[in-house]
Number of protein chains: 2
Amino acid sequence: MEKTVQNFGDKYEKCPMYYTMSILEGKWKWIILWEISRAGVIRYNRLRELLKPIAHKTLSQQLKELESNNIIHREQYNEVPPKVEYSLTKEGESVIPILSLMYQWGKEHRLEGEVLDDGSCMNA
Amino acid sequence: MEKTVQNFGDKYEKCPMYYTMSILEGKWKWIILWEISRAGVIRYNRLRELLKPIAHKTLSQQLKELESNNIIHREQYNEVPPKVEYSLTKEGESVIPILSLMYQWGKEHRLEGEVLDDGSCMNA
DNA sequence: CAGTATCCTGCTTGATACTG
DNA sequence: CAGTATCAAGCAGGATACTG
């Protein structure tokens, strides 16, 4: 699997913050997490719709990374047509407070420009 | 100045979380912030020494971005040889709790591998 | 429906050398 | 000392087409 985060020297990779950053970082990870959190349970194409300009490859790749980090759970139903649902794991739920704090901070400290504060981060 | 964070559509850029991420994101930003926070006040070359494999260009670039976001303060003394000190602004201090939370979370949830928890994130 | 497989591009990061 | 300037490269992210 492709990695989203590059290597430093060994020195920094043992830092707990590095681990957390490696999970949250990436152009879409935090948005994906936020949306899954808001939805509770969500299907692949619905998610893709919400994040509209996102590419297939990007979405599935980041979902895989999040899954392999035990942040989200992938439930596959063996039906035709296929059905896959994503939800947060316990681990995943435990990162949401970090995102909330970032949300809070951004709301209070953004210097210029309008900010949405309805929690959607969508629909301008 | 070069930007560290790429554009989505307009939709996401108004999200407060996006603003926060744009400040913290980047390979070195959070480490730089953490180190300045630990030091209180720190000179350019000392910082560079702490982050050793970092490139001149990378460091000065990220410092500039942090400065323009009003996260750090750059104090320049007109002496020979030159002396420049970096410190956190009030804004900058207010992001530290986010990093602390990330530190905490990483410590508790990291799956494998050793983790340093002395707050240094350095010196393997 | 929910993905891979390829191929491609631009940006972030870096190495190195020069300067006020 | 504390940076810029220039040049180069690696990789995250994306477009598009194909598949179980």
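Keep in mind that the numbers below use all heavy atoms, side chains included, and drop hydrogens, waters and symmetry copies. Within every chain, numbering begins at 1; the chains are lettered A, B, ... in the order of the sequence lines, protein sequences first and strands thereafter. Remember, it's a predicted structure, so these values are computed and weren't measured experimentally.
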Query raised in the report: Starting at the 5' end of DNA chain D, which residue's closest nucleotide do you reach first, A/Ala55 or A/Pro82?
Result: A/Ala55
Query raised in the report: Any idea which of D/dG3, C/dC1, D/dA2 is nearest the B/His56 side chain?
Result: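 That would be D/dG3.
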Requested in this report: Could you please name the option among C/dT6, D/dC1, C/dC1 that lies closest to any side-chain atom of B/Pro81?
Outcome: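 Output: D/dC1.
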Phosphate OP1/OP2 of [N]: any [X] side-chain N/O under 4.0 Å:
{"X": "B/Tyr44", "N": "D/dT4", "result": "no"}
{"X": "B/Thr58", "N": "C/dG14", "result": "yes"}
{"X": "B/Arg74", "N": "D/dA2", "result": "no"}
{"X": "B/Trp28", "N": "C/dT12", "result": "no"}
{"X": "A/Lys64", "N": "C/dT4", "result": "yes"}
{"X": "A/Tyr86", "N": "C/dC1", "result": "no"}
{"X": "A/Lys27", "N": "D/dG14", "result": "yes"}
{"X": "A/Arg43", "N": "C/dA2", "result": "yes"}
{"X": "B/Ser60", "N": "D/dT4", "result": "yes"}

Whole-Å gap separating [atom2] ([N]) and [atom1] ([X]):
{"X": "A/Lys57", "N": "D/dC18", "atom1": "NZ", "atom2": "C1'", "result": "16 Å"}
{"X": "A/Leu59", "N": "C/dC1", "atom1": "CG", "atom2": "C1'", "result": "13 Å"}
{"X": "A/Gln76", "N": "D/dG20", "atom1": "CD", "atom2": "P", "result": "15 Å"}
{"X": "A/Ile54", "N": "C/dG3", "atom1": "CD1", "atom2": "P", "result": "13 Å"}
{"X": "A/Met21", "N": "C/dT12", "atom1": "CE", "atom2": "C1'", "result": "14 Å"}
{"X": "A/Arg48", "N": "D/dA15", "atom1": "CZ", "atom2": "C1'", "result": "11 Å"}
{"X": "B/Leu51", "N": "D/dA2", "atom1": "CG", "atom2": "P", "result": "14 Å"}
{"X": "B/Glu65", "N": "C/dC11", "atom1": "CD", "atom2": "P", "result": "14 Å"}

Query raised in the report: Would you find a donor on one side and an acceptor on the other, under 3.5 Å apart, between the side chain of A/Thr89 and the backbone of A/His73?
Result: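 No, the answer is negative, given that no donor and acceptor are paired below the 3.5 Å cut-off.
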Query raised in the report: Whom does D/dT19 pair with, Watson-Crick or G-U wobble, provided both distances fall under 3.5 Å?
Result: C/dA2
Query raised in the report: What is the minimum heavy-atom distance between B/Glu91 and B/Asn70, and which atoms define it?
Result: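 The pair with the smallest heavy-atom distance is CB-O, 3.2 Å.
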**Report entry** Considering all heavy atoms, the nearest B/Leu24-A/Met21 contact
**Finding:**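 Minimum heavy-atom separation between B/Leu24 and A/Met21: O-CE, 4.4 Å.
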Report task. Taking the side chain as every heavy atom from C-beta outward, state whether A/Leu63 and A/Tyr44 have any atom pair closer than 4.5 Å. Result -> yes
Query raised in the report: Tell me, do B/Leu99 and A/Met17 make a side-chain contact under 4.5 Å, heavy atoms counted?
Result: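 With C-beta onward as the side chain, the pair touches.
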**Report entry** Pair B/Arg46 + B/Glu49, salt bridge at N-O below 4.0 Å
**Finding:**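 Judged by the 4.0 Å cut-off on N to carboxylate O distance, B/Arg46 and B/Glu49 do form a salt bridge.
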